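The structure displayed is predicted, hence computed values, not measured ones.
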Amino acid sequence: QLQLVESGGGLVQPGGSLRLSCTASGFTLDSYAIGWFRQAPGKEREGVSCIRRSGGLTVKGRFTISRDNAKNTVYLQMNSLKPEDTAVYYCAARFNAYCSGDSFEYNYWGQGTQVTVSS
């Protein structure tokens with residue numbers, strides 16, 4: 001069974017950090033570009049970060065994405081979290097070397113992990 005599983009979400013205070021993990025089973029992530037998306041209540045799903053198939057650690061603003069192919073896992077390190085970062089975070093795999101901002105171009109999706117930033 002081909003599956004992506006996210007973990008690492010939770011409740012964190014503003015200014016705090018979380019590291020999300022996305023682990024694949026049934027297939028290897030090293031053939032895929034991996035994206036992180038999020039969806040807040042009442043809002044559309046939006047892209048957060050993405051790493052190319054051959055990509056290394058990538059820093060974009062407060063978020064850093066990295067991959068460990070030996071563990072078949074992609075990570076999203078989120079720092080200086082704000083209440084507006086509250087959302088369900090999803091990882092997705094695209095069978096392509098490159099990232100896309102279009103969620104429809106991703107082949108597999110995880111079930112999501114809730115991130116709540118609140119004092």
**OP:** In plain terms, say whether Asp85 and Arg62 are close enough for a salt bridge, that is, a side-chain N and a carboxylate O under 4.0 Å apart.
**Re:** yes
**OP:** Please confirm whether Phe95 and Tyr106 have ring centers closer than 6.0 angstrom.
**Re:** no
Quick one: closest heavy-atom pair of [X] and [Y], and the distance?
X: Arg52; Y: Cys99; value: N-SG, 3.7 Å
X: Gln39; Y: Lys43; value: NE2-O, 3.1 Å
X: Ser100; Y: Glu105; value: OG-OE1, 3.1 Å
X: Ala87; Y: Ala40; value: CB-N, 3.8 Å
X: Pro14; Y: Ser118; value: CD-C, 3.6 Å

Side chains of [X] and [Y], heavy atoms from C-beta outward: is any pair under 4.5 Å?
X: Gln77; Y: Ser66; result: no
X: Leu20; Y: Val115; result: yes
X: Phe63; Y: Ser80; result: no
X: Val88; Y: Thr113; result: no
X: Trp109; Y: Leu4; result: no
X: Leu29; Y: Val74; result: yes

Subject >> Under 3.5 Å: donor-acceptor pair, side chain of Gln111, backbone of Val5 >> reply: no
Original post:
Can you check whether Thr116's main-chain N or O pairs, donor with acceptor, with Thr86's side chain at less than 3.5 Å?
Top reply: no
Subject >> Derivation of the side chain to side chain contact (heavy atoms under 4.5 Å, CB included) call for Thr64 and Leu76 >> reply: CA-CA 6 Å; Thr64 301; Leu76 182 68; over 6 Å; no
**OP:** Quick one: sort the Tyr32 and Phe27 rings into parallel, tilted or perpendicular, breaks at 30° and 60°.
**Re:** perpendicular
**OP:** Pick out which of Arg38, Gln114, Glu6 makes a side chain to side chain donor-acceptor pair (under 3.5 Å) with Tyr89.
**Re:** Arg38
Measure the spacing between [atom1] of [X] and [atom2] of [Y] and express it to the nearest 0.5 Å.
X: Asn96; Y: Ser31; atom1: CG; atom2: OG; value: 11.5 Å
X: Asn69; Y: Ser54; atom1: CG; atom2: OG; value: 10.0 Å
X: Asp68; Y: Asp30; atom1: CG; atom2: CG; value: 11.0 Å

Subject >> Between Thr73 and Thr23, a side-chain donor and acceptor under 3.5 Å >> reply: yes
**OP:** Report whether Tyr75 and Leu81 are members of the same hydrophobic cluster (ILVMFWY, side-chain heavy atoms less than 4.5 Å apart, transitive linking).
**Re:** no
Subject >> Met78 with Ile65, same ILVMFWY side-chain cluster at under 4.5 Å >> reply: yes
Original post:
Around atom CD of Glu84, are there more than 12 heavy atoms of other residues, nucleotides or ligands at under 6.0 Å?
Top reply: yes
Original post:
Hey, is CD on Gln3 packed in by over 12 heavy atoms from elsewhere, all under 6.0 Å?
Top reply: yes
**OP:** Establish, yes or no, whether the cationic atom of Arg45 lies under 6.0 Å from the six-membered ring centre of Tyr90 and within 45° of the ring axis.
**Re:** yes
Original post:
Is the Lys NZ or Arg CZ of Arg94 less than 6.0 Å from the centre of Trp36's six-membered ring, within 45° of the axis?
Top reply: no
Subject >> side chain to side chain contact (heavy atoms under 4.5 Å, CB included) between Val117 and Gln13, worked out >> reply: CA-CA 5 Å; Val117 185; Gln13 292 186 343; over 6 Å; no
